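Below you'll find the structure, written out as structure tokens, and then a few comments.
Keep in mind that this is a model prediction, so the values were computed, not measured. Every number for a ligand or one of its atoms is a count from 1 in the order of the listing.
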Amino acid sequence: MEKILILDFGSQTTQLIGRRIRDMGVYTEIIPGDTLLTDTLFAGVRGIILSGSPESVYIPEATVPDPQIYTCGLPLLGICYGLQRMTADLGGLVEALPQREYGGVEVQVRLPGVGEGLTDQAWRFFAGFDHAIPLSRLMAESPGPSSLSTTVTFTAWMSHGDTLTRLAPGFREYGRSSTGFPAVVIHQDQETRPWFGLQFHPEVSHSERGQEILAAFVFGVCACAASWTMEQYLEQLNRTLVEQVGTSPVLLLISGGVDSTVAGALLLKSLNPEQVHLMYMDTGLMRKDETKTVQTALERLGARHVHIVRCETAFLSALKGVEDPESKRNIIGDLFITLQEQEVARLGLPDSCFLVQGTLYTDLIESGKGVGNKAHLIKSHHNVGSPLVKAKRKAGLIIEPLDKLYKDEVRRLGRLLALEEELVRRHPFPGPGLAVRILGEVTQEKCDILREADALYIAELKKRRSPTGERLYDEIWQAFAVLLPVRSVGVAGDVRKYGWVLSLRAVVSTDGMTADVYPFPIKDLLEISTLITNTVKDIGRVTYDISSKPPATIEWE
Ligand code: XMP
């Protein structure tokens, strides 16, 4: 499969480079910047992008790419550190700036003249900077040099503490920032070295023409076709799964969330449903009707072996009297692992059984330090350090079929696999469930109150529309109710009553790493509050949480 390989040197925006290019219909793969490039990794690669990094190239421990990138003949695009890396590796000089440059900076680019002897590929790269050429045309055809003007100026997003003080031999500067530093360089021998460098970040939306510049590299220079589709990817996933698993049984631990449900649907489609064992633990800390919804959905997809483990009593008794948030999480995590081991053993599946996990691409990123080192992945509380997962990984019996996909791509895959829209669009739900949304001690009674209130809130979000006509639920990345450990006074009829205080949360986000408060129209909030206090008699007061992340987190505990 045709792809763009992205070497990740640890920048916060590496993922964005991958996203932007996949959005253009071209498959991307991100690997740690120092990965040794094997034939398998090179297969299908049409171009390599070197990402940014918080490091400086001149520190001894700076990450260095496999030198094969400079001999393989593929087009290279260095972004920020990526450009500095290429410069340092190829004989130029990179030095610290007196002051770090951060934010929007004006860049002036000189578009080359016809007499400069550049290749067709290089012309196409410069077309990305030309305001006269729309992205759609860049993707569809190659605009020749005739459409280029002589200079263009645009705002580019910079974030660097170092700069090129001497270009590597063979490179020429075509763009400079208004602060006086090289911003766009290309190698003059484009026939054998189709190498390009940008000091700014085209992947960041604040960079004008950023998307066009990336498109110019991907389509113009690397000659990729916009042909990557989810249908095609699904076919490939099917084939890989069948080859990998053969006739062995597979076990998938279903959480009720979108990822594991899509992974389940994929297994049922690719393999014989008789091979597929789906296990779901109802901890009693689930949302209203969650277990029923999950079971029905899986059975509709043809599941033959759905093992629902009901362990509400065990979890609630373990949590009795516990108020400290960290202790609650630890108790739930430990009990989950213990019960899971027992239940898996009871299924009596052979040792050769594969364990499937719904790990996503973003789950593999450890704090901006690159992807690929699966030993460090953190998916959810019950998978961290689970002996079952460790043993299966050691035996090479772990399969993570979604580990190349982003959340919205998993949703698209879910639709292709005929999962119900409501399941595909579900908001994320934390592993420890309602326990982190009931502040203080968790009891059955509080779980029931919260379940009712949360279900009402979510049902309203599904009914109500925003000014753009979308359901509020679909505009919000994650919404839920939180039960606070306080009672407050109110009146019911003529009688004073002390009811629990409920807080509503609704945030918009792209990945949960940062989040903004959803700016509800006040009318919706007022009506939802009235509905909840009128319907759930134990709740006396409703508040709306107006904290963004950071400094707050999305969950309350
Ligand atoms: P925070 O609260 O850290 O949450 O801003 C970010 C996202 O992660 C979810 N979350 C969890 N998911 N196990 C999970 O599987 C957990 O322990 C956990 N804690 C938080 C949270 O719902 C949000 O989507």
Side-chain angles (χ1 to χ4, degrees), residues 12 15 252-264 280-287 290 294 315 318-319 322 324-337 340 357-368 376-386 389 400 402-403 406-408 410-411 424-439 442 450-451 454 457-458 461 473-484 503-518 545-557:
Q12 295 292 330
Q15 285 295 320
L252 170 70
L253 307 167
I254 294 265
S255 69
V258 177
D259 312 340
S260 58
T261 313
V262 172
Y280 169 91
M281 313 235 308
D282 181 347
T283 58
L285 304 166
M286 323 306 283
R287 289 168 283 193
E290 183 133 33
V294 172
F315 277 91
L319 288 168
V322 184
D324 174 57
E326 230 6 71
S327 310
K328 281 175 13 184
R329 275 182 178 264
N330 291 340
I331 289 170
I332 296 168
D334 291 347
L335 186 58
F336 205 101
I337 290 173
Q340 190 184 66
Q357 289 196 286
T359 314
L360 300 197
Y361 209 22
T362 33
D363 297 323
L364 295 177
I365 312 156
E366 23 147 18
S367 56
H376 290 128
L377 78 89
I378 294 177
K379 170 59 189 164
S380 58
H381 72 291
H382 49 266
N383 289 339
V384 177
S386 148
V389 173
E400 290 166 315
L402 310 180
D403 69 352
Y406 294 91
K407 190 85 174 183
D408 59 321
V410 168
R411 292 197 158 112
V424 170
R425 284 181 187 243
R426 271 192 124 186
H427 289 175
F429 187 61
L434 298 186
V436 290
R437 295 179 179 175
I438 295 171
L439 274 60
V442 179
L450 182 57
R451 255 191 285 272
D454 186 72
Y457 176 38
I458 298 299
L461 298 183
Y473 186 80
D474 298 330
E475 281 207 341
I476 293 167
W477 194 75
Q478 192 170 4
F480 52 90
V482 179
L483 195 64
L484 306 188
S503 182
L504 303 179
R505 186 97 167 111
V507 293
V508 282
S509 173
T510 45
D511 50 14
M513 313 275 260
T514 59
D516 290 316
V517 176
Y518 182 70
D545 178 357
I546 51 167
S547 326
S548 60
K549 173 183 178 178
T553 51
I554 295 178
E555 303 291 344
W556 275 50
E557 278 192 344

Check: For ligand 1, which atoms sit closer than 4.0 Å to a heavy atom of Lys549?
Finding: 1 (P), 3 (O), 5 (O), 6 (C)
Margin query: Before you tell me yes or no, could you show the steps for Ile476 and Leu461 under side chain to side chain contact (heavy atoms under 4.5 Å, CB included), namely the whole-Å CA-CA distance, both residues' side-chain angles and the distance that decides it to 0.1 Å?
Written below: CA-CA 9 Å; Ile476 293 167; Leu461 298 183; 4.1 Å; yes
Check: Do any N/O atoms on Phe429 end up under 3.5 angstrom from N/O atoms on ligand 1?
Finding: no
Check: Under a 4.0 Å heavy-atom limit, does Pro430 contact ligand 1 with its side chain, its backbone, both, or neither?
Finding: both
Margin query: So, using salt bridge (charged side-chain N to carboxylate O under 4.0 Å, His left out) as the criterion, who are the partners of Arg287 when residues are at least two apart?
Written below: Glu290
Item checked: Atoms in ligand 1 flagged as close to Thr553, the criterion being non-hydrogen separation under 4.0 Å -> 1 (P), 2 (O), 5 (O)
Note to self: Tell me whether Pro428 has any N or O atom under 3.5 angstrom from an N or O of ligand 1.
What the structure shows: no
Notebook entry, point to check: Between the main-chain N or O of Arg426 and the side-chain N or O of Arg411, is there a donor-acceptor pair closer than 3.5 Å?
Noted result: yes
Check: Passes salt bridge (Lys or Arg N to Asp or Glu O under 4.0 Å), Asp259 versus Lys407? Steps please.
Finding: CA-CA 8 Å; Asp259 312 340; Lys407 190 85 174 183; 3.1 Å; yes
Note to self: Quick check: Arg437 and ligand 1, any N/O pair under 3.5 Å apart?
What the structure shows: no
Check: For ligand 1, which part of Trp477 has a heavy atom less than 4.0 Å away: the side chain, the backbone, both, or neither?
Finding: side chain
Checklist line | Contacting atoms of ligand 1, where contact means under 4.0 angstrom from a heavy atom of Pro432 | finding: 13 (N), 16 (C), 17 (O)
Next item on the list: Begin from the C-alpha positions of Ile254 and Val294 and carry the test side chain to side chain contact (heavy atoms under 4.5 Å, CB included) through to its verdict.
Entry: CA-CA 9 Å; Ile254 294 265; Val294 172; 3.7 Å; yes
Next item on the list: Examine ligand 1 and decide if any of its atoms is less than 4.0 Å from a heavy atom belonging to Arg329.
Entry: yes
Item checked: Set of salt bridge (charged side-chain N to carboxylate O under 4.0 Å, His left out) partners for Asp474, sequence neighbours left out -> Arg425, Arg471
Check: So, the side chain of Ser547 versus the backbone of Ala552: is there a donor-acceptor pair under 3.5 Å, distance only?
Finding: no
